[in-house]
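Every number for a ligand or one of its atoms is a count from 1 in the order of the listing.
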Amino acid sequence: MKKLFLVLVLASNLLIAQRNVSIIPQPVSLQINQGAFVIDNSTAVKFNTADKELKLAVNFFSAAIRNISGKTLLLNDVAKNNIVFKIAKTNGIGDEGYTLNVSPSSITIVANTKAGVIYGIQSLLQTLPAIRTNEVLQVPCMSITDFPRFKYRGMHLDVSRHFFSPEFVKEYINLLASYKMNTFHWHLVDDQGWRIEIKKYPLLTSVGAWRVDQTDKVWASRPQAKTGEAATYGGYYTQEQIKDIIKYAAERNVTIIPEIEMPGHVASAIASYPALSCTQQQQLPLTGGNYSGMSSNYCAGNDSVFTFLENVLTEVIALFPSKYIHIGGDEVEKGPWKVCPKCQTRIKSSHLENEDGLQSYFIKRIEKFINSKNRKIIGWDEILEGGLAPEATVMSWRGEAGGIEAAKAHHDVIMTPGSPVYFDHYQAGPEGEPLAIGGMNTLKKVYDYEPIPKELNAAEAKYVLGAQANLWAEYITTAEQVEYMVLPRMLALAEVVWSPKENKNWENFNERLKNHFKAFGQRGLHYSLGNFTVSIKPSSQNGRLFVDLSTEILNAAIYYTTDGTEPTLSSNIYAIPIEINASLLLIASTILNGQIMGVKAARQNFVMHKAIGKNVTYTNPLSRYYQADGPNSLTDGVRGTAAVGKYWHGFNGDDLIAIIDMGEEKNIQNIAIGCLQNYNDWIFLPQSVKFETSNDGNVFTEIKTVNNPIDINTKSVMFDFKTDFPILSVRYIRVTAKNNLCPPDHNGAGKPAWIFADEIVVE
Ligand code: TNX
C-alpha cells in the first residue's frame with residue numbers, strides 16, 4: 001500500500017514536471033529530476049547584495065514572484081529553502097549562458113554575467129504560473145546548462161507608420177526578453193512620422209510626428225492631406241521617456257538599437273524642415289502610402305544636411321548606450337538626385353561614378369562621424385550599392401544575397417530576410433486573418449529558418465551575428481495587432497537564434513507551445529492560432545488540377561467540404577489530393593483530438609474552365625518574389641484579390657508572354673487574362689494584351705489585341721482583358737501582355753512597372 005502511494009506521488013510529481021517544463025527556447029541541456037522546490041513564505045533569495053547589477057536582476061525576479069503570488073521573498077535569510085544567484089567564472093557558457101539547478105531544498109542560478117543570471121531567471125519563470133494565482137508555486141527539480149547559439153537575437157518595431165505608446169513599447173520589450181531575445185531595433189524615423197524628440201530641431205516632432213488621421217483607411221489607398229486639415233494622428237517619445245525605456249530594457253538584458261533612417265524614407269523630416277530636400281519645397285506630412293509629388297530623400301549635395309544629421313545623431317548617441325546606431329539606407333529613390341544640381345556637383349567634385357556612388361558617399365560620411373563617437377553603423381543591405389562603408393554591419397532584408405556578399409567581404413551581418421522573418425506578412429489564411437501587407441510566413445517556415453546560408457564557409461559564417469524579425473507597421477494599427485503578428489512566431493525565431501541547431505525539434509516545439517498559448521490567454525495577450533489553419537495548395541499533374549491540403553499540426557486530421565458548408569466532424573476526411581473538375585468553394589479545418597482547431601476554416605474558391613491544370617511556359621522569367629503557386633498559377637482556377645500578393649504572378653519590366661499547352665486540340669470560344677493595378681505599388685495594367693492560337697506551337701495566328709481601357713492613374717483595380725470569337729479548335733494559346741512604364745507624376749515616373757496576372761481563363 002505504502003509503495004503504491006509512493007509511486008503515485010512520484011508519478012504526480014513527474015506530471016507536474018512534464019506540465020511545467022516547456023521552456024522556449026529549448027535549453028542546450030535540460031534534465032528533469034523527481035521532486036519539486038516549493039516557493040513559500042520561508043523562501044529567501046541569496047546573493048551578493050554589494051553587486052548592484054546582480055541586485056537589479058534579483059529585484060526583477062522578486063517582483064515577478066510578488067506579481068504571481070503576492071509573496072515577498074526573504075532576503076539572505078537563514079531560510080530552509082533558498083534561491084541562490086551567483087556570478088562566478090563558469091567555463092563553456094559564455095557571456096549570456098547560465099546554469100540552473102533545482103533540488104527540493106534549493107534553486108541555484110550561476111552565470112558569468114548579469115545577463116546569464118537574467119536568462120536563468122527567465123527559464124525559471126517559465127516553469128511558474130503566468131498570472132496571479134493561489135496555486136502552490138512548485139518548481140520541478142531539474143538541471144539546466146544553457147547558452148545562446150547567436151549573439152544577436154533581434155526584434156524590430158516600426159513606430160513610424162503607426163505610433164505605439166511608451167507603455168506598449170515596454171510591454172513589447174518585456175515580451176522579447178522573456179524569450180531571451182537581446183536586441184530591440186527601434187525604427188524611430190520613416191516617411192510617415194518622426195518619433196524621437198530632438199531638442200535642437202523641435203519641428204521634427206511638432207510637425208513631423210503628426211498627420212491627418214486616416215487610420216480607418218487601408219494604407220495604400222489613403223488620400224494625401226490637404227492644407228487646413230487638422231493633423232491629429234501621431235505621437236513621439238520624449239528624451240525622458242526614451243531614457244526610461246532604455247533603463248527598463250537594460251534590466252532585462254535588452255539593448256535598444258535606434259534607427260535614424262537616411263538618406264531616403266525621410267518625408268517626415270522634410271515636412272518639418274523643407275530645406276533638407278533637393279527641391280526644398282514645402283510639403284505636408286504623409287498620411288500613408290501615397291507619395292505622389294512628395295520628396296522623401298535628403299539632398300546629398302547640401303552640406304547643411306550633414307550638419308543637421310550630425311546634430312541629430314549627437315543627441316541620439318547621448319541617449320542610447322548601444323554600440324550600434326542604425327542609419328537605414330534602404331530603398332533610396334535616386335531619381336531626385338539625378339536632377340538636383342547640388343547632388344550632381346557633389347558627384348563630380350567627389351569623383352563618384354553615379355547616384356549609387358552618391359548613396360555610398362552619404363553613408364560613409366555619416367559612418368565616419370558615428371565612428372568618431374566610438375559607435376558603429378548598421379544599415380539595410382542597400383548600403384552595399386556603390387561600395388560598403390568600411391566598418392558597417394549589414395542587415396540583409398532582400399533575401400540573403402546582401403548578407404552573403406557582406407560576410408564574404410568580412411563584414412558583420414544580421415540576417416533578416418523578408419521570407420521568413422518579416423512578421424508583417426501573413427501567418428495563415430489570408431482568409432480569416434487581419435489584412436496584412438502580403439507574403440506568407442507561417443510558424444513552421446520561421447521555425448525551419450537557418451540563419452547561416454550554405455553559401456558561406458565556416459570562417460565566413462562567423463560574420464553572421466544572428467537574426468532578427470521585422471515588424472513593419474503599414475497595416476498594423478493597434479498594439480493588439482502587434483501582439484497578434486508576433487505571437488507565436490517570435491517563439492519560433494527565439495529557438496532559431498538561441499537553441500543549438502541539433503536540439504531543434506518541430507514536434508516537441510509544438511508540444512511546448514501549448515503552455516505558452518495558455519499563458520498568453522491568461523495574460524490577455526493576442527496571439528494567432530493561424531498555425532492551425534489548413535494550407536490549400538493547387539498543383540497540376542498531367543493537365544489535371546489537384547489540391548493538396550496540409551497542416552503544420554502534429555497528429556491532426558483535415559476535414560473538408562466542397563458544398564459551401566463549414567466542416568464538421570462528419571465531413572470528408574482528407575487523405576489524397578482532391579481533383580478539381582468543377583467550380584467550387586473548398587473549406588477545410590484542422591481537427592485535433594476530436595476538436596475543430598483554430599479560429600476560422602481555410603477556404604478557397606476555384607473557377608473551372610478549359611485550361612485548368614494545363615501547362616504554362618513563359619518566354620520572360622517570372623519574378624522570384626511573385627511566384628504564387630508556381631509555374632501553373634495562371635491555370636490553377638484561383639483568382640486573386642487586390643490586397644494579397646500571394647495569388648499573383650509578377651513581371652518587373654518585362655512583358656508577360658505565356659503559352660498554354662491544352663494537351664490536345666480543344667474547341668474554345670473565348671480567352672481572358674486577369675490583371676491587377678495597384679498604383680502605389682508600381683503595379684499597372686498592361687498597355688495591351690494580344691491573344692494568339694496555334695496548333696503546332698510554332699506558328700501562331702493573332703485573334704485580337706485588346707488595349708487597356710482603364711485610366712492609368714486609377715489607384716486600384718482588377719481587370720479581365722478578354723476576347724470572344726467563333727469556335728476554334730486549338731492546342732496552343734499565347735497571351736502577350738505588354739508592360740507599361742510608371743506614368744508622369746508617379747514616384748517611379750518613366751521606370752518599368754510591374755505586371756500582375758492571376759489566371760488565364762479559357763472557355
Ligand atoms: C520594405 S525592409 C521596407 C520598409 C517597409 C517594408 C514592408 C526595409 C528596409 N524597407 O520600409 O515597411 O518593406 O514590408
Run through D158, D424, T416 and flag the one making a side-chain hydrogen bond (donor to acceptor under 3.5 Å, both in side chains) with N470.
T416
Run the numbers on M181 and L493 for side-chain contact (heavy atoms from CB on, under 4.5 Å), then give the verdict.
CA-CA 9 Å; M181 304 300 278; L493 178 64; 3.7 Å; yes
Assess whether atom NZ of K151 is packed by more than 12 heavy atoms of other residues, nucleotides or ligands within 6.0 Å.
no
Assess whether a salt bridge exists between K454 and E460, defined as any Lys/Arg side-chain N lying under 4.0 Å from an Asp/Glu carboxylate O.
no
Within the protein, residues bringing a heavy atom under 4.0 Å of ligand 1, chain by chain:
R161, H265, D330, E331, W380, W397, Y422, D424, I437, W472, E474
Pairing residues for E333 by the side chain to side chain contact (heavy atoms under 4.5 Å, CB included) criterion, not counting sequence neighbours
P336, W682, K751
N-O pairing of K444 and E495 below 4.0 Å:
no
